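Reviewing the structure listed below.
Chain naming here is simple, since letters A, B, ... match the order of the sequence lines and numbering starts at 1 in each. From a predicted model like this one, the values you see are computed outputs, not experimental measurements.
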Amino acid sequence: MAQKPSIPKGTRDFSPAEVSKRNYIFDTIKKHFQRFGFQPIETPSFENSDTLMGKYGDEGDRLIFKILNSGDFISKVDDVTYSSKNSSSLTPKISEKALRYDLTVPFARYVVQHQNEIQFPFKRYQIQPVWRADRPQKGRFREFYQCDADVVGSNSLLLEVELVQLYDAVFTELKLANVNIKLNNRKILAGIAEVIGAQNSLINFTVALDKLDKIGEEGVKKEMLEKGISEASIEKANPLFSLTGSNSEQLDALQYLLSSSEIGTKGVEELRFIVEYIEDVGLLSANLSIDVTLARGLNYYTGAIFEVAAPEKVQMGSIGGGGRYDDLTSIFGLNDVSGVGISFGLDRIYLVLEELKLFPEEIEQSLDVLCLNFGEKEALAALKLSTELRKANLKVDIYPTDTKIQKQFKYANNRDVPYVVLIGEQELQNNSFVVKNMKEGSQETYSLSDAADFIKRLR
RNA sequence: GUGGUUGUAGCUCAGCUGGUUAGAGCGCUGGUUUGUGGUACCAGAAGUCGCCGGUUCGAACCCGGUCUUCCACCCCA
């Protein structure tokens with residue numbers, strides 16, 4: 001054989017079994033999106049570069065896949081730019097399109113572009129792949145699916161409450177119990193920065209704080225110092241490291257800490273609303289916990305932020321996240337449209353379910369019945385029977401050639417077929433068919449004129 | 001983007017300080033069994049040792065490059 005073909009770094013092929021399992025997750029998420037009143041949209045896999053560039057910070061820009069212009073694009077570049085060998089000035093001249101990096105920014109573009117056709121508040125869901133020029137690791141790919149549900153055109157906190165319920169509903173149905181939905185609010189982070197006198201380094205402050213569970217209190221303080229936050233400010237932030245107790249206890253402590261900050265107080269109020277409503281309505285299996293260290297990188301969030309952590313025994317980053325963004329559409333020229341949304345990381349959820357063996361067995365069963373092939377006449381009878389069985393919604397296959405029965409059985413075995421139908425010379429004479437239960441090894445005979453009898457037994 | 005790690009049969013992996021014909025288990029094919037799989041026994045096929053180059057009388061093994069895997073940063077689903 002020639003050189004074996006391959007696929008690019010960070011991409012994957014999916015086998016039939018893998019696709020079945022992925023569809024199981026997709027279907028579950030989609031079902032609950034619809035139950036909460038979200039409608040589907042789709043957007044192109046690539047956008048104009050200026051739609052995406054600059055929306056995710058410098059780091060994000062680096063991770064966006066750029067698409068080369070068509071035609072003789074290099075001849076259109078002026079000599080100065082060309083010979084400068086500067087990627088950032090050359091790139092916009094030779095690439096005007098880019099693969100989508102997430103679903104939120106394209107959605108914002110969609111809302112602005114179709115603002116006159118949309119009925120607000122607009123609840124949409126979107127399940128499509130996104131691409132990042134990242135260095136792959138476990139649970140990090142360069143092509144992966146996001147499943148997003150967003151609402152634009154309302155700043156009601158009821159939506160945040162519903163989104164928490166939505167997370168709960170999906171993960172409960174996937175049997176992934178006790179996921180931890182972490183909740184914070186950008187206004188609280190802004191309030192803290194204000195109170196400790198570090199409002200100018202809000203980003204550095206939150207990014208450092210976000211690493212608390214990873215590098216510990218000392219590590220966080222060290223990083224803050226390195227990023228130019230004063231020792232006095234860090235000193236004032238000390239109470240944050242000792243926030244404990246129930247959600248409402250933490251809220252009380254935060255309220256006191258942030259009483260001098262208008263924005264901080266607003267953030268506490270918003271969180272309290274969400275927490276109290278959720279307590280009242282109850283959750284099926286998830287936990288909701290306030291986590292002031294939760295920051296999330298994307299700079300467009302302005303209110304609540306969510307993140308769903310995989311169960312602790314599984315080594316995996318977050319399996320979902322989201323938040324409220326008050327101003328996302330204004331970058332495309334539409335002001336005063338508040339949005340809030342959440343995202344499910346399909347590929348990571350898959351890895352978690354696989355690791356915890358939570359996929360139901362049935363979903364991998366691609367066939368209910370296999371009819372063996374004993375020759376032309378016999379196969380015709382099998383075909384007629386198959387038609388009946390397929391009408392009854394069974395997944396049925398006929399072995400296409402009359403090779404050795406042993407081989408056909410082996411095939412049935414490898415495909416995990418629960419029932420094998422045998423129609424040979426004898427059966428044809430008696431107008432009957434034999435059904436072998438592959439698990440138990442038992443066999444039963446039915447009449448060819450009464451397939452319904454067999455169908456009834458399967459139910 | 002920075003630093004490290006991995007690659008040998010379809011799969012999971014052995015392979016000594018470089019030595020001539022590269023191994024195992026599982027899987028696959030055939031047979032024991034011409035209408036019975038999943039068990040057992042017997043036989044067999046299958047590898048340019050990721051790719052390109054270098055050192056050497058000789059390279060799976062040493063060196064350089066490249067691709068890939070995974071990991072830690074960065075960032076993030």
**Request:** Keeping the roles fixed (side chain from A:D61, backbone from A:G54), state whether a donor-acceptor pair exists under 3.5 Å.
**Result:** yes
**Request:** Could you list by number each residue of residues 426-439 of chain A showing a heavy-atom separation from RNA chain B of less than 4.0 Å, or answer none if no residue does?
**Result:** A:Q426, A:E427, A:K436, A:M438, A:K439
**Flag if over 12 foreign heavy atoms under 6.0 Å of CD, A:E173** = yes
**Message:** Just to be sure I understand the rule, does A:G139 reach a base, reach only the sugar-phosphate, or reach nothing, if contact means heavy atoms closer than 4.0 Å?
**Reply:** base
**Message:** For B:rA72 and A:K138 - does any side-chain N or O of the residue sit under 4.0 Å from the phosphate oxygens OP1/OP2?
**Reply:** no
**Request:** Take the angle between the ring planes of A:Y350 and A:F359 and call it parallel below 30°, perpendicular above 60°, tilted in between.
**Result:** tilted
**Message:** Closest-nucleotide mapping onto RNA chain B: is A:R135 or A:G424 further toward the 5' terminus? I mean the 5' end.
**Reply:** A:R135
**Request:** For B:rG38 versus B:rC76, give the span between their C1' atoms, rounded off to a whole number of Å.
**Result:** 45 Å
**Message:** With rounding to the closest Å, how many angstrom separate the C1' atoms on B:rC61 and B:rA22?
**Reply:** 12 Å
**Request:** Take atom C1' in B:rC52 and the same atom in B:rC75, then report the distance between them in whole Å.
**Result:** 33 Å
**Asked** Across the strands shown, which category fits A:S343 at heavy-atom distances under 4.0 angstrom: base, sugar-phosphate, nothing?
**Response** nothing
**Prompt:** For RNA chain B, what string of dots and brackets results from 5' to 3' when Watson-Crick and G-U pairs need both distances under 3.5 Å, crossing pairs get [ ], and pairs with another strand get |?
**Reply:** ((((..(..((((.....[...)))).(((((.......))))).....(((((..]....))))))..))))....
**Item:** Side-chain donor or acceptor of A:R12 paired with backbone N/O of A:E143 under 3.5 Å
**Value:** yes
**Message:** Side-chain N or O of A:N414 versus OP1/OP2 of B:rC28: is the shortest distance under 4.0 Å?
**Reply:** yes
**Request:** May I have the distance from A:E59 (atom CD) to B:rG1 (atom P), rounded to whole angstrom?
**Result:** 11 Å
**Item:** Interface with RNA chain B, restricted to residues 9-31 of chain A and to heavy atoms under 4.0 Å
**Value:** A:K9, A:G10
**cation_pi(A:R132, A:F65) dist<6.0 Å, angle<=45** = no
**Asked** When rounded to the nearest Å, what value does the distance between P atoms of B:rA45 and B:rG10 take?
**Response** 15 Å
**Prompt:** Between A:S201 (side chain) and A:N204 (backbone), is there a donor-acceptor pair under 3.5 Å?
**Reply:** no
**Message:** Distance check, P atoms only: B:rG7 and B:rC51, in whole angstrom units.
**Reply:** 13 Å
**Fill in**
Rounded to whole Å, CD1 of A:I7 lies from C1' of B:rG50 at a distance of 15 Å
**Prompt:** Short question: side chain of A:T387, backbone of A:L383 - any donor-acceptor pair under 3.5 Å?
**Reply:** yes
**Item:** Within the 6.0 Å centroid threshold, strictly below: A:F26 and A:F33
**Value:** no
**Given B:rC74, B:rA77, B:rG35, the nucleotide with the shortest approach to the side chain of A:R62** = B:rC74
**Item:** Whole-Å gap separating C1' (B:rG1) and NZ (A:K66)
**Value:** 12 Å
**Item:** Contact under 4.0 Å: A:K211 side-chain N or O vs B:rC74 OP1/OP2
**Value:** yes
**Prompt:** Tell me, do A:Y145 and A:V130 make a side-chain contact under 4.5 Å, heavy atoms counted?
**Reply:** no
**Item:** Nearest-angstrom distance from the residue atom CD of A:Q406 to P of B:rG35
**Value:** 11 Å
**Asked** Does the distance from a Lys or Arg side-chain N to an Asp or Glu carboxylate O, for A:R124 and A:D150, drop under 4.0 Å?
**Response** yes
**N/O (side chain, A:Q137) to phosphate O (OP1/OP2, B:rU69) under 4.0 Å** = no
**Prompt:** With no hydrogens and no angle check, is any side-chain donor or acceptor of A:K55 less than 3.5 Å from a backbone partner on A:D50?
**Reply:** yes
**Item:** A:F144 aromatic ring stacked with six-membered ring of B:rA77, 5.5 Å and 30°
**Value:** yes
**Euclidean distance for C1', B:rG15 against B:rU8 (whole angstrom)** = 9 Å
**Complete:** A:K214 atom NZ is separated from B:rC76 atom P, nearest whole Å, by 11 Å
**Close side-chain approach of A:F36 to A:E162, heavy-atom, < 4.5 Å** = yes
**Asked** Less than 4.5 Å apart, any side-chain heavy atom of A:Y110 and any of A:F122?
**Response** yes
**Message:** Roughly how many Å apart are B:rU69 and B:rU12, using the C1' atom of each and rounding to a whole number?
**Reply:** 15 Å
**Asked** What does A:E425 touch in the nucleic acid at a heavy-atom separation under 4.0 angstrom: a base, only the sugar-phosphate, or nothing?
**Response** base
**Request:** In whole angstrom, give me the gap between the P atoms of B:rA24 and B:rC67.
**Result:** 35 Å
**Asked** Out of B:rC74, B:rG37, B:rA77, which nucleotide sits closest to the side chain of A:F141?
**Response** B:rA77
**Asked** NA contact type, A:G320, heavy-atom cut-off 4.0 Å: base, sugar-phosphate, or nothing?
**Response** sugar-phosphate
**Message:** Could you tell me how far apart A:D210 (CG) and B:rC76 (C1') are, to the nearest whole angstrom?
**Reply:** 10 Å
**Request:** Looking only at side-chain atoms of A:L63, point me to the closest of B:rC75, B:rU2, B:rG35.
**Result:** B:rC75
**Asked** Between the base of B:rG38 and the side chain of A:N413, is there a donor-acceptor distance below 3.5 Å?
**Response** no
**Request:** Mind calculating the distance between CG (A:D134) and P (B:rC73) to the nearest angstrom?
**Result:** 14 Å
**Nearest-angstrom distance from the residue atom CG of A:L422 to C1' of B:rU34** = 16 Å
**Check: A:E96 main-chain N/O paired with A:S49 side-chain donor or acceptor under 3.5 Å** = yes
**Message:** From C-beta outward on A:P136, which listed nucleotide comes closest to its side chain: B:rG30, B:rC73, B:rC70?
**Reply:** B:rC70
**Check: A:Y125 ring centroid to A:F38 ring centroid under 6.0 Å** = no
**Request:** Return yes if the base of B:rA77 and the side-chain atoms of A:R140 contain a donor-acceptor N/O pair under 3.5 Å, otherwise no.
**Result:** no
**Message:** By nearest atom, which of the nucleotides B:rG37, B:rC75, B:rA77 is closest to the A:K410 side chain?
**Reply:** B:rG37
